Amino acid sequence: PLKEEYARGVDLMIVRELGGGLYYGEPRGMDEGPKGRTAWNTLRYSTEEVHRIGEAAFELALTRRGRVTSVDKANVLETSRLWREEVSELSHRWPRVSLDHMLIDRAALELVLRPAELDVVLTSNLFGDVLSDEAAGVVGSLGLLPSASLGDGTPLFEPVHGSAPDIAGRDVANPVGAILSGALLLDHGLGQPSAARAVEAAVESVFRQGLRTPDLVREDSGSKGVDGVGTTAFAEAVAQEVQRGHQRLQSEAAIPGR
């Protein structure tokens, strides 16, 4: 939905802390009092938690454009001041990665106005929850985004979106988030970055061919050069592109001197 000059060249990763923050802090609860109902949650972060997610962001930045933008609300929240101080201290271990800090309200604005300037966005559980859905708006649909939950245990790879029982069996869901989650699995779970790039290239090729699932076909745009297809047809087209890419690699490997 963004103007082309804003959306061109966008390539960012949001690194969201998933095990702490406002969603898990204690105490939490709800009570009935003489003046009505009261509810409360606790926002808490520790040095260990900030370092754990920060290390992941800096390591990821080394494989990308070498820039981390840490998003917080340090002008208001003590937890964000801790977050900013600990991330700054941690950054000294990655001299090849540049770090800048950004307040969450400004980050939400920058994600719409200048998304191509962002590389790795590091942030807390709550802020990451909001920004990741805004990022889906930047690219056009929640159905496009993959995610990876990484830690000391078994990693989990899944599309950002949740279930949608209202469209089950109708062949209208966008499979790209699930397909690209498979690419993240290949890259960050199985150590096969070349295979991951092949899957990503296949998705891009299908988009260049003009195929779109219903969530990406806008009636008011005229949809010139765009063919609306179902879930199965789009996924099969991606699979065919992956197979073609594999065959090309085999052919090139068979040529002497290559």
Side-chain angles (χ1 to χ4, degrees), residues 1-17 53-54 56-74 84 87-88 91 94-124 126-148 150 159-161 174 176-177 179-181 183-184 187-188 193 196-213 215-218 220-221 223-226 238:
L2 297 185
K3 293 180 180 179
E4 185 176 354
E5 58 267 29
Y6 291 172
R8 188 184 298 115
V10 173
D11 179 12
L12 64 94
M13 292 279 278
I14 296 175
V15 179
R16 167 189 172 190
E17 197 285 318
I53 192 65
F58 284 109
E59 287 293 331
L60 178 62
L62 285 176
T63 68
R64 295 171 52 84
R65 303 198 307 274
R67 181 183 178 189
V68 170
T69 300
S70 180
V71 175
D72 57 43
K73 191 64 176 173
R84 182 172 292 208
V87 170
S88 296
S91 69
W94 284 268
R96 291 164 48 200
V97 176
S98 66
L99 168 67
D100 64 298
H101 300 279
M102 195 175 292
L103 298 176
I104 177 60
D105 37 0
R106 181 188 163 200
L109 179 65
E110 293 294 316
L111 189 53
V112 173
L113 292 183
R114 286 172 284 273
E117 295 184 13
L118 297 171
D119 182 14
V120 176
V121 177
L122 166 64
T123 194
S124 64
L126 174 62
F127 296 159
D129 194 356
V130 175
L131 290 180
S132 58
D133 273 29
E134 187 186 7
V138 169
V139 297
S141 170
L142 195 62
L144 293 170
L145 296 190
S147 76
L150 308 175
V160 167
H161 60 76
N174 190 330
V176 172
I179 293 170
L180 293 180
S181 294
L184 287 179
D187 197 349
H188 299 280
R197 301 294 86 74
V199 173
E200 292 167 353
V203 171
E204 292 176 5
S205 177
V206 172
F207 278 138
R208 285 196 298 271
Q209 294 169 29
L211 300 187
R212 301 287 188 276
T213 46
D215 57 315
L216 296 175
V217 178
R218 293 177 52 195
D220 61 345
S221 68
S223 299
K224 295 181 180 179
V226 170
V238 173

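Since we're looking at a predicted model, the values are computed, not measured. Values reported hereafter were calculated over all heavy atoms of this structure, with side chains retained and with hydrogens, waters and symmetry mates removed.
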Report yes if the side chains of [X] and [Y] come closer than 4.5 Å at any heavy-atom pair, otherwise no.
X	Y	answer
Leu99	Phe58	yes
Leu62	Val97	yes
Ser181	Pro159	yes
Leu145	Leu180	no

Among all residues two or more places apart in sequence or in another chain, which pass the salt bridge (Lys or Arg N to Asp or Glu O under 4.0 Å) test with Arg208? none
For Arg96, salt bridge (Lys or Arg N to Asp or Glu O under 4.0 Å) partners two or more places apart: none
Separation between [atom1] of [X] and [atom2] of [Y], rounded to the nearest 0.5 Å:
X	Y	atom1	atom2	result
Ser147	Arg16	OG	CZ	9.0 Å
Asp119	Leu60	CG	CG	7.5 Å
Asp72	Arg84	CG	CZ	4.0 Å
Phe127	Asp105	CZ	CG	8.5 Å
Met102	Thr69	CE	OG1	5.0 Å
Leu103	Glu110	CG	CD	11.5 Å

Report the residues that fulfil side-chain hydrogen bond (donor to acceptor under 3.5 Å, both in side chains) with [X], sequence neighbours left out, ordered by chain and then residue number.
X	result
Asp11	Arg64
Asn174	Thr213, Asp215
Thr123	none
Glu117	none

Just checking, is any N or O donor in the side chain of Ser88 or His101 under 3.5 Å from an acceptor N or O on the other one? yes
If you look at every heavy atom in [X] and [Y], which pair is closest and at what distance?
X	Y	answer
Ala116	Val10	N-CG2, 3.9 Å
Ala57	Val68	O-CG2, 3.9 Å
Pro115	Leu12	O-CD2, 3.8 Å
Leu111	Ala135	CD2-N, 3.8 Å
Leu184	Ala148	CD1-N, 4.0 Å

Checking side chain to side chain contact (heavy atoms under 4.5 Å, CB included) for the pair Phe207/Leu216: CA distance, chi angles, key distance, verdict? CA-CA 11 Å; Phe207 278 138; Leu216 296 175; 3.9 Å; yes
Residues Asp100, Arg67; criterion side chain to side chain contact (heavy atoms under 4.5 Å, CB included); working and verdict: CA-CA 8 Å; Asp100 64 298; Arg67 181 183 178 189; 3.3 Å; yes
Between Ser205 (side chain only) and Ala201 (backbone N and O only), is there a donor and an acceptor less than 3.5 Å apart? no
Between Arg106 (side chain) and Val71 (backbone), is there a donor-acceptor pair under 3.5 Å? no
